J.: 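Sharing a structure below in structure tokens format, with a few things to ask.
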Amino acid sequence: MSIQVLALVGSLRNASVNRQLADAAAAAAPEGTEVTIYEGLAEVPFYNEDLDVEGSVPAAAEALREAAKAADAVLLVTPEYNGTTPAVLNNAIDWLSRPYGAGAIKDLPAAVVSASPSPYGAQWANGDARKALGVAGAKVLEDASVAVGGRFELFAETHPKDHAETAAELAGVLSALAGAVEPVAV
Ligand code: FNR
């Protein structure tokens, strides 16, 4: 039974470097660990308690919750918008955090990879994402999170999965996530 990691990418643009990093994370996953990049974040409406009613939750939000429930761990791959995590990811965390104390992300091992053209690698967004994940109930692997700074130009020529240092960093993140997954009692 392979370990299923759900990857949520905070950029929706076609040429997203963070999306490339998520693809590279999938390629770097250790044997027995599978990364699935979630494709429906753009369709998830903004969180609204009036919509979050059993039986009539918006389909796109429900699908996100089901994907998280089916996962063993979650990986956020995020840029930084105005010094913090982009709304698309914060919105996903909001839907995954409810009902309070019993959200789909509760107790899921979670790690964050961030990237930015700046040398800091979107470290503020990385930290804010880890904080939000923790408050939402995930088991955040603080030490496994990675901020990839100053490699954007490089990634224009070389896909992150083919950049040895980046691939090794991502393999480390995925191994830590896999290691944090509680074995299922048989
Ligand atoms: C940015 N960008 C940015 N970068 C950064 O390091 N710190 C920041 O606060 C911001 N703020 C910001 C706001 C908005 C609305 C946009 C669109 C962009 C630049 C950002 O890092 C750059 O666009 C990356 O390419 C975004 O990642 P993807 O889309 O390549 O994955």
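Small disclaimer: the values here were computed from a predicted structure and weren't measured. As the structure lists them, so they are numbered: ligands from 1, and atoms in each ligand from 1.
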J.: With heavy-atom distances below 4.0 Å as the criterion, list the atoms of ligand 1 near Gly83.
T.: 8 (C), 9 (O)

J.: Any nitrogen or oxygen of Ala15 lying under 3.5 Å from a nitrogen or oxygen in ligand 1? Just yes or no.
T.: no

J.: Give yes or no for whether the N/O distance cutoff of 3.5 Å, strictly under, is met between Arg19 and ligand 1.
T.: no

J.: What's the shortest distance from atom 14 (C) of ligand 1 to any protein heavy atom, and which residue and atom give it?
T.: Tyr81 CD1, 3.6 Å

J.: Counting heavy atoms only, which of Ser116, Pro79, Pro117 is nearest atom 22 (C) of ligand 1?
T.: Pro117

J.: Counting N and O atoms only, with roles assigned by atom type, does the side chain of Asn91 sit under 3.5 Å from a partner on the main chain of Pro45, one being a donor and the other an acceptor?
T.: yes

J.: Just to confirm my output: which protein heavy-atom neighbour is closest to atom 11 (N) of ligand 1, and how far is it?
T.: Asn82 N, 2.9 Å

J.: Purely on distance, is any nitrogen or oxygen of Ala122 under 3.5 Å from one on ligand 1?
T.: no

J.: Considering heavy atoms of the protein only, find what lies nearest to atom 28 (P) of ligand 1 and give residue, atom and distance to 0.1 Å.
T.: Arg13 NE, 3.4 Å

J.: Can a salt bridge be assigned to the pair Glu142 and Lys131 using a cut-off of 4.0 Å between side-chain N and carboxylate O?
T.: no

J.: Do Thr158 side-chain atoms and Phe155 backbone N/O form a donor-acceptor pair below 3.5 Å?
T.: no

J.: Output the list of atoms in ligand 1 that are nearer than 4.0 Å to some heavy atom of Asn18, sorted by atom number.
T.: 27 (O), 28 (P), 31 (O)

J.: Can you confirm whether some protein heavy atom lies under 4.0 Å from atom 30 (O) of ligand 1, or whether none does?
T.: yes

J.: Between Arg98 and Glu49, does a salt bridge (Lys or Arg N to Asp or Glu O under 4.0 Å) hold up when you go through it step by step?
T.: CA-CA 9 Å; Arg98 299 329 243 193; Glu49 277 193 296; 5.2 Å; no

J.: Taking it one step at a time, do Arg151 and Glu157 satisfy salt bridge (Lys or Arg N to Asp or Glu O under 4.0 Å)?
T.: CA-CA 10 Å; Arg151 293 185 207 154; Glu157 309 299 321; over 6 Å; no

J.: At under 4.0 Å between heavy atoms, is it the side chain or the backbone of Glu80 that contacts ligand 1, or both, or neither?
T.: both

J.: Could you tell me the separation between the CG atom of Leu76 and the CD1 atom of Ile105, rounded to the nearest 0.5 Å?
T.: 7.0 Å

J.: Can a donor-acceptor pair be found, under 3.5 Å and without considering hydrogens, that links the side chain of Thr85 to the backbone of Ala125?
T.: yes

J.: Are Phe152 and ligand 1 in contact, using a heavy-atom cut-off of under 4.0 Å?
T.: yes

J.: Hey, mind stepping through Gln4 and Ser2 against side chain to side chain donor-acceptor pair (under 3.5 Å) and telling me if it holds?
T.: CA-CA 6 Å; Gln4 297 298 322; Ser2 68; 2.8 Å; yes

J.: Quick one: look at Ser16 and ligand 1, take heavy-atom pairs under 4.0 Å, and tell me if it's side chain, backbone, both or neither.
T.: both

J.: Working to the nearest 0.5 angstrom, can you tell me the gap between Glu34 CD and Ile3 CD1?
T.: 11.5 Å

J.: Using distance alone, decide if ligand 1 has a nitrogen or oxygen within less than 3.5 Å of any nitrogen or oxygen in Ser11.
T.: yes

